[in-house]
Protein chains: 2
Amino acid sequence: MRIGELSERTDTSRRLLRYYEEQQLIVSTRSPNGYREYDERFVDRVMQIRGLLDAGLPTRIIKQILPCLDKPRTIHFPDATPEMLATLTLERDRMTERINCLIRNRDSVAEYLDAVSGGLADGARQDAVMAGSRTDLKSA
Amino acid sequence: MRIGELSERTDTSRRLLRYYEEQQLIVSTRSPNGYREYDERFVDRVMQIRGLLDAGLPTRIIKQILPCLDKPRTIHFPDATPEMLATLTLERDRMTERINCLIRNRDSVAEYLDAVSGGLADGARQDAVMAGSRTDLKSA
DNA sequence: TTGAACCCTCACATATATGTGAGGGTCAAC
DNA sequence: GTTGACCCTCACATATATGTGAGGGTTCAA
């Protein structure tokens, strides 16, 4: 597909897709006319990138962890240098910290919302609370 | 305590503490000479702010959720407007999305690391994983 | 009284992720 | 062959979180 379709399917501006390419988070082949061409798997890839960016990881780090994320556990450890492994270990731990921080705070917000809506359970309040109530995540 | 001590105890530059105050994430009282004064509870508060910033939340949002985070469940729901509740609900869900995204990716990275270190579990690999404390990979 | 070590405000600088638009090709349909 | 919807590169603009430093007070101890 070309950049326009990828843009629509990932809800990501063309500008950003080119930027991600510049940052080497994605690559593209080029048609004879110079247009970028992407295959299906870039839809997921781009959404993954956006999620990570939104969760505070910079492109520089995302670029490093992306190779760990290919679905079929393709073997790319041969090229893993010790520094790379150290970086990944560090980032794994930083991600865990972020997760714990978010869980703590998300739960506080949820608790607050529950308290408010629990206090007065009528209509006007209802729609505000409706949207979502998933509250338990188990993690390291 | 004054800004210098808070800065050291939270590992946050004075500049940033003033910035957080400007963004209304924290407040300070002023000594007669104009110096900012903080009490103990700002140590935790600042660390909470840093964690949330690092997890991708902008100050504008952090400001909104902070009131939900005071340890003794002080009653501030009286002032909660419906728009505020809708915002909180939205943010709670966005936090949950971030959490899931991070968990998914963190687990992939962890799995990758386990695969690599599990593959050859001897000394040579060990120091590679050990090394990570100060890791700054730069790119061109 | 001087100096060090704090503090203040203000302002400019930087990095990162993003938007916007100019100037210009490609291509299919009319 | 013109039009419209794509695509390209390049460059400037913006927002947010941060660094850095100038110019200047306050406090305290040598």
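Per chain, numbering begins at 1; letters A, B, ... match sequence-line order. Basis for what follows: all heavy atoms, side chains included, without hydrogens, waters or symmetry-related copies.
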Using a cut-off of less than 4.0 Å, is there contact between a side-chain N or O of [X] and OP1 or OP2 of [N]?
X: B/Asn33; N: C/dC8; value: no
X: A/Arg30; N: D/dT9; value: yes
X: B/Thr59; N: D/dT16; value: no

Atom-to-atom span, [atom1] of [X] to [atom2] of [N] - whole angstrom:
X: A/Tyr20; N: C/dT16; atom1: OH; atom2: P; answer: 15 Å
X: A/Glu21; N: C/dA17; atom1: CD; atom2: P; answer: 16 Å
X: B/Glu37; N: C/dC6; atom1: CD; atom2: P; answer: 15 Å
X: B/Arg14; N: C/dT9; atom1: CZ; atom2: C1'; answer: 15 Å
X: B/Asp54; N: C/dT16; atom1: CG; atom2: C1'; answer: 14 Å
X: A/Ile3; N: D/dA5; atom1: CD1; atom2: C1'; answer: 15 Å
X: B/Leu17; N: C/dC8; atom1: CG; atom2: C1'; answer: 14 Å
X: A/Leu6; N: D/dC6; atom1: CG; atom2: P; answer: 15 Å

Please check if atom CG in B/Asp11 has more than 12 non-hydrogen atoms from other residues, nucleotides or ligands closer than 6.0 Å.
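Open.
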Along DNA chain D (nearest heavy atom to each residue), the more 5'-positioned of A/Tyr38 and A/Arg15:
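Result of the comparison: A/Tyr38.
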Scan [X] against the nucleic acid and name what it touches under 4.0 Å (heavy atoms): base, sugar-phosphate only, or nothing.
X: A/Ser31; value: nothing
X: A/Arg18; value: base
X: B/Arg60; value: nothing

State, with a plain yes or no, whether a side-chain heavy atom of B/Arg36 is found less than 4.5 Å away from one of B/Tyr38.
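Of all side-chain heavy-atom pairs linking B/Tyr38 with B/Arg36, at least one is under 4.5 Å.
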Presence of salt bridge, A/Glu5 and A/Arg9, under 4.0 angstrom:
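Judged by the 4.0 Å cut-off on N to carboxylate O distance, A/Arg9 and A/Glu5 do form a salt bridge.
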When you get a sec, tell me which of C/dC8, D/dT18, C/dT26 is the closest nucleotide to the side chain of B/Arg36?
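The nucleotide sitting nearest to the side chain is C/dC8.
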Give a yes or no on whether a donor-acceptor pair under 3.5 Å exists between the nucleobase atoms of D/dG19, that is its base, and the side chain of B/Tyr19.
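Side chain to base: no pair below 3.5 Å.
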Rounded to the nearest 0.5 Å, what separates atom CD1 in B/Ile49 from atom CZ in B/Phe42?
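Here the interatomic distance stands at 8.5 Å.
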Starting at the 5' end of DNA chain C, which residue's closest nucleotide do you reach first, A/Gln23 or B/Tyr35?
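Closer to the 5' end of DNA chain C: B/Tyr35.
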For A/Ser28 and A/Glu21, test the side chains for any donor-to-acceptor distance below 3.5 angstrom and give the result as yes or no.
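Note: A/Ser28 and A/Glu21 side chains meet the donor-acceptor criterion.
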